[in-house]
Amino acid sequence: MTQITRITVVTGGIGGIGTVICQRLARDGNKVIATYHPSEEEKLEEWTKAQNELGLDIGMVAGDVSSAEDSARMMTEVQERFGPVDVLVNCAGITRDNTMKRMAAEQWDAVIDTNLKSVFYVTKPVWEGMLVRGFGRIINISSLNGQRGQFGQANYSAAKAGMHGFTMTLAQEGAAKGITVNTISPGYVKTAMTDAIREDIREAIVGGIPMRRMALPEEIASAVAFLAAEDQAYITGANIPVNGGLFMH
Ligand code: CAA
């Protein structure tokens with residue numbers, strides 16, 4: 001099948017999983033644009049240099065996905081500079097882990113805003129164009145912990161579970177218009193986010209994974225590439241687990 005160059009946006013595109021998703025989709029022939037939070041500006045030079053060394057030319061646009069206004073501005077900038085968006089990977093996410101007893105409203109709000117509200121804010125500006133053009137691929141990066149809950153993650157688990165509700169609804173609204181909308185639920189992936197878990201807890205988590213290791217970001221990117229592909233047009237509304245066997249349902 002001839003590869004069409006699809007305009008592809010990855011939010012959280014310079015993060016641990018996002019970077020590798022950008023690299024994979026760029027190698028697959030897409031024009032990839034990584035969005036990043038304005039506070040990450042100082043990482044840009046080094047990040048861009050690393051991608052260039054790999055022979056990849058990835059576009060960059062800043063924006064705060066937890067803000068409706070800034071997300072709309074960011075996606076307008078993307079579409080003015082690069083063209084209409086065909087593929088959207090909602091990958092931006094944060095953790096603010098704490099037990100319910102100690103969790104502050106600010107920790108709840110920060111995670112709901114960045115991980116859940118963002119998905120509506122970023123998708124909204126590209127959705128109508130996808131409907132009109134009759135093509136779209138939306139891939140929401142959720143989490144194992146949205147499927148089964150996790151001690152210390154009431155905020156994160158709620159947001160990640162909410163993402164899949166959004167996926168299933170958009171899948172129905174886009175199904176007759178050539179748009180597929182799917183969720184990927186990674187388990188524990190080797191990134192700065194999981195490096196931040198206390199060592200004893202991290203070791204206990206890895207010990208409980210049937211594969212006895214965390215995922216590599218490449219293994220998440222491979223699932224994204226599968227769902228983003230031109231000829232993968234019949235899976236929609238799915239929640240694909242990439243978790244080393246840690247949770248099966
Ligand atoms: N189930 C049941 N009880 C548990 C438990 C669990 N999973 N984890 C801890 N407890 C118990 C402890 O044994 C302890 O009991 P006692 O008071 O009787 O001794 C009590 O709960 C308090 O535990 P902590 O010492 O861990 O409490 P803390 O306040 O120091 O830390 C926490 C709380 C920050 C939430 C910490 O438990 C933690 O970091 N947990 C891991 C959370 C996690 O998995 N985060 C994933 C981040 S990566 C990610 O989110 C990516 C992804 O999508 C997978």
Side-chain angles (χ1 to χ4, degrees), residues 10-22 24 36-37 40 65-66 88-119 122 138-168 182-224 226-227 238-249:
V10 181
T11 69
I14 71 171
I17 299 177
T19 297
V20 181
I21 292 175
C22 288
R24 171 65 194 260
Y36 61 94
H37 192 273
E40 296 177 299
V65 298
S66 71
L88 171 62
V89 185
N90 285 305
C91 182
I94 58 169
T95 52
R96 296 287 181 273
D97 293 355
N98 223 336
T99 54
M100 182 62 182
K101 202 165 99 181
R102 294 207 192 123
M103 187 173 287
E106 291 72 25
Q107 293 175 307
W108 170 263
D109 287 341
V111 171
I112 298 293
D113 290 355
T114 299
N115 297 14
L116 180 60
K117 289 187 182 176
S118 61
V119 176
V122 174
I138 296 177
I139 299 149
N140 295 320
I141 307 299
S142 178
S143 167
L144 152 89
N145 293 342
Q147 299 177 287
R148 59 155 203 185
Q150 167 61 39
F151 186 100
Q153 288 200 306
N155 48 6
Y156 188 86
S157 298
K160 293 297 191 181
M163 278 177 111
H164 188 56
F166 180 80
T167 290
M168 292 188 289
N182 290 290
T183 298
I184 291 175
S185 287
Y188 286 83
V189 185
K190 178 117 193 56
T191 62
M193 186 184 273
T194 51
D195 283 348
I197 303 172
R198 216 173 64 206
E199 198 179 345
D200 56 325
I201 296 175
R202 200 170 60 237
E203 279 170 10
I205 289 170
V206 172
I209 301 172
M211 288 193 189
R212 298 283 187 270
R213 65 172 178 88
M214 290 200 183
L216 298 172
E218 286 76 3
E219 291 166 322
I220 311 307
S222 155
V224 174
F226 166 69
L227 291 172
N239 188 353
I240 310 239
V242 189
N243 64 28
L246 184 49
F247 178 69
M248 303 176 190
H249 70 119

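Every number for a ligand or one of its atoms is a count from 1 in the order of the listing. Quantities reported herein were computed from a predicted structural model and do not represent experimental measurements.
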Suppose we call two aromatic rings close when their centres sit under 6.0 Å apart. Are H249 and F247 close by that rule?
yes

By side chain to side chain contact (heavy atoms under 4.5 Å, CB included), E203 pairs with (sequence neighbours left out) E199

Chain-and-number sorted residues having a heavy-atom contact under 4.0 Å with ligand 1 are T95, D97, R102, S143, N145, Q150, F151, G152, Q153, Y156, G187, Y188, M193, T194, I197, R198, I201, I205

Across all chains, not counting sequence neighbours, the salt bridge (Lys or Arg N to Asp or Glu O under 4.0 Å) partners of R198 are D200

Side chain to side chain contact (heavy atoms under 4.5 Å, CB included) with E218: of I21, I17, V20, only one passes, and it is V20

* To do: Determine whether more than 12 heavy atoms belonging to other residues, nucleotides or ligands lie under 6.0 Å from atom CZ of R102.
  => no

With sequence neighbours left out, the residues meeting side chain to side chain contact (heavy atoms under 4.5 Å, CB included) with A158 are W108, I112

